[in-house]
Amino acid sequence: MLERVRFAPSPTGPLHIGGVRTALFNYLYAKKNKGVFVLRIEDTDQKRKVDASEKYIFESLAWAGISPDESVKKPGAFGPYRQSERNDIYKIHITELLEKKGAYYAFDSAESLNEARTKAEKETGAFKYNYANRATFDNSLNLSEEETKARISNGEAYTIRLLVQPDIEIVSEDEIRKTVRVNSNELEDKVLVKADGTPTYHLANVIDDHCMEITTVIRGEEWLPSLPIHTLLYEIYGWDKPKFVHLPLILNPSGKGKLSKRDGDKNGYPVFPIAWNGEFEGYKEKGFLPAAHINYIAQLGWSSNAEDEIMSLEEIVDAFDLKEVQKGGARFDYEKAKWVNQQHVQRLNIEDAKSLVLKRSTELNDHFDSKAILKIVTLIQERIVLLNDIPVLCDMFLNSPKVYDEKGMQKISKLELDPLITDIHQLIQDNSLDEFKDAIFRYCKEKSIGMGAVMQTLRMAAVGSLSGPDIVEVVKVIGKNSILERLELLRKQL
Ligand code: GLU
């Protein structure tokens with residue numbers, strides 16, 4: 001059987017990490033099973049629609065490298081791929097649902113419903129329009145067929161509600177949670193068709209999954225409560241159900257509560273893949289490689305048995321197995337996400353690393369030849385955690401330090417710095433760049449001072465800090481004039 005899965009976002013704003021994870025797991029499952037990954041835009045709720053979001057969804061998926069096989073942009077045989085364009089299809093199935101007596105007309109006004117809601121909430125804390133009270137409302141169950149028809153042809157406004165029979169056990173299957181049983185008395189007679197004649201989420205979603213021949217529905221756990229309603233609809237229509245997979249919640253780093261944008265803002269990590277509205281940074285702008293971002297997101301709720309957790313998208317596809325998706329919430333860990341990014345950068349071949357570095361530090365081309373640039377890339381590659389670190393790391397090759405690390409300065413100030421700088425200056429002047437290290441070594445031996453202390457002084461002069469790549473190599477790249485100049489600058493700091 002050809003597996004067909006879908007990612008079905010509502011264009012009500014930017015994609016959250018959870019949305020990207022849902023899209024990714026659908027993609028992985030499709031690719032693993034040589035199936036089809038469909039992107040369907042669920043824009044039934046036109047009031048909540050945010051215009052820029054559809055474009056944003058496409059751009060985000062493109063950046064992440066998880067491209068749909070069928071979508072608005074790449075229509076297959078199951079279009080249209082935007083729900084707002086599928087009303088003709090829905091009409092047929094709404095008629096069918098009414099004929100099957102799976103739904104009924106409700107003429108209740110918004111005011112009368114509000115009144116009932118307020119009263120019920122006061123009395124019992126909750127309001128449900130269902131088997132227990134539907135006889136008290138203004139709906140076709142309480143009217144003759146003629147009366148109903150007459151009111152409709154008179155142009156009275158109505159919605160269509162799901163007719164949930166009382167006291168039946170609704171049994172749904174979820175691949176992760178196994179059998180989910182719910183008594184129908186707990187459900188509501190959900191509105192399936194709004195007063196404007198268009199379907200609500202539940203109805204459109206089920207009709208589309210059926211008509212688009214979706215075999216497996218993979219979505220977030222927040223949709224689990226909707227599953228019994230969807231099960232009922234499939235049963236009323238007499239359609240085969242797809243398999244259902246509800247992915248675990250993504251929790252914030254403390255493990256208490258869902259990962260939220262507020263939490264991200266507070267703690268300095270993005271929750272969107274790419275920038276939204278020019279206002280919120282995404283992973284792209286933070287300096288993540290798309291492959292690394294995806295590698296980390298794949299671990300939110302799934303862990304492979306593979307020894308190496310650093311994987312390319314193709315490797316993840318290969319390793320992916322829905323059976324290994326966990327039930328419990330997946331804790332988001334930004335430090336881990338950064339570490340995964342660093343690992344991906346480290347594993348880039350030198351040419352790819354070089355073009356990445358040059359893209360973010362174009363100035364290198366003005367100052368160094370290609371061989372020196374390669375050397376710089378080799379020196380900094382393992383230190384790049386986020387791509388935004390690149391300009392900072394390259395700066396030490398381009399410019400003298402602007403600030404000197406305070407703690408480092410304290411450490412070297414135990415030495416007699418002024419004469420030492422004079423001596424290092426002389427040693428570098430008198431020796432070639434290939435030989436100055438040996439010369440410093442001999443000098444230390446003669447003077448009985450530690451080589452470490454001298455090298456630290458040189459490092460402080462060169463890069464303004466006691467940490468960084470191999471200092472001898474850095475000096476070779478920046479050249480004699482620069483290092484001599486930087487030694488004198490350090491002297492001025494004393
Ligand atoms: N449109 C729903 C959403 O925005 C899709 C739910 C589903 O996949 O069934 O998440």
Side-chain angles (χ1 to χ4, degrees), residues 3-30 36-58 60-61 66 68 70-72 78 80-86 90 162 172-177 180 190-192 194 198-234 239 241-250 258-261 271-273 276 297 300-301 322 325:
E3 283 278 4
R4 291 177 54 83
V5 296
R6 84 318 190 260
F7 174 49
S10 300
T12 52
L15 266 190
H16 184 266
I17 287 180
V20 179
R21 199 260 319 252
T22 302
L24 175 64
F25 281 34
N26 274 285
Y27 173 90
L28 295 172
Y29 185 74
V36 179
F37 171 45
V38 177
L39 172 63
R40 179 174 75 224
I41 301 294
E42 298 212 323
D43 57 349
T44 50
D45 194 347
Q46 291 284 319
K47 277 192 225 107
R48 288 184 58 224
K49 192 170 147 190
V50 175
D51 276 334
S53 28
E54 186 179 308
K55 188 165 167 260
Y56 180 89
I57 291 165
F58 275 95
S60 300
L61 296 185
I66 42 184
E70 291 176 21
S71 71
V72 182
F78 298 87
Y81 291 87
R82 215 181 262 122
Q83 288 188 325
S84 56
E85 292 162 19
R86 294 176 65 80
Y90 301 137
L162 176 66
S172 316
E173 293 297 328
D174 176 78
E175 297 297 300
I176 298 172
R177 283 160 188 80
V180 183
K190 286 271 182 208
V191 172
L192 298 179
K194 293 173 275 186
T198 63
T200 55
Y201 156 74
H202 297 292
L203 185 63
N205 185 272
V206 167
I207 293 175
D208 287 346
D209 284 344
H210 171 72
C211 293
M212 292 183 166
E213 297 183 11
I214 299 303
T215 53
T216 305
V217 168
I218 304 170
R219 61 187 173 192
E221 189 179 300
E222 64 273 25
W223 298 102
L224 197 61
S226 302
L227 185 58
I229 296 162
H230 297 179
T231 301
L232 261 188
L233 281 169
Y234 278 101
W239 292 337
K241 297 178 199 83
K243 275 192 288 189
F244 287 97
V245 181
H246 290 86
L247 304 173
L249 291 177
I250 302 180
K258 268 169 69 167
L259 178 72
S260 68
K261 200 183 138 296
V271 294
F272 304 136
W276 168 248
I297 297 266
L300 291 173
L322 272 181
V325 172

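What you see is a predicted model; the values in this text were computed from it and never measured. Just so you know, ligand 1 is whichever comes first in the structure, and atom 1 is the first atom listed for that ligand.
- Close contacts between ligand 1 and E42 involve ligand atoms 1 (N), 2 (C), 5 (C) [criterion: under 4.0 Å to a heavy atom].
- Annotation: atom 8 (O) of ligand 1 to nearest protein heavy atom, R6 NH1, 2.7 Å.
- Between A8 and ligand 1, at least one pair of N/O atoms sits closer than 3.5 Å.
- Ligand 1 lies out of reach of F7, whose nearest heavy atom is not under 4.0 Å from it.
- Using a 4.0 Å cut-off between charged nitrogen and carboxylate oxygen, R82 and E54 count as a salt-bridge pair.
- For the pair Y90/I207, a side-chain contact is recorded, criterion being any heavy-atom separation below 4.5 Å from C-beta on.
- Side chains of P242 and V5 form no contact here, defined as non-hydrogen atoms less than 4.5 Å apart.
- In this model, no donor atom of one side chain and acceptor atom of the other lie less than 3.5 Å apart for Y201 and E42.
- Looking at atom 4 (O) of ligand 1, its nearest protein heavy atom turns out to be S10 OG, 3.0 Å.
- Atom numbering of ligand 1 starts at 1 in the shown order; those under 4.0 Å from a heavy atom of N205 are 7 (C), 9 (O).
- Y81 places none of its side-chain heavy atoms less than 4.5 Å from the side chain of P68.
- The shortest heavy-atom distance from E222 to ligand 1 is not under 4.0 Å.
- A salt bridge does not link E173 with K241: every distance from a Lys NZ or Arg NE/NH1/NH2 to an Asp or Glu carboxylate oxygen is 4.0 Å or more.
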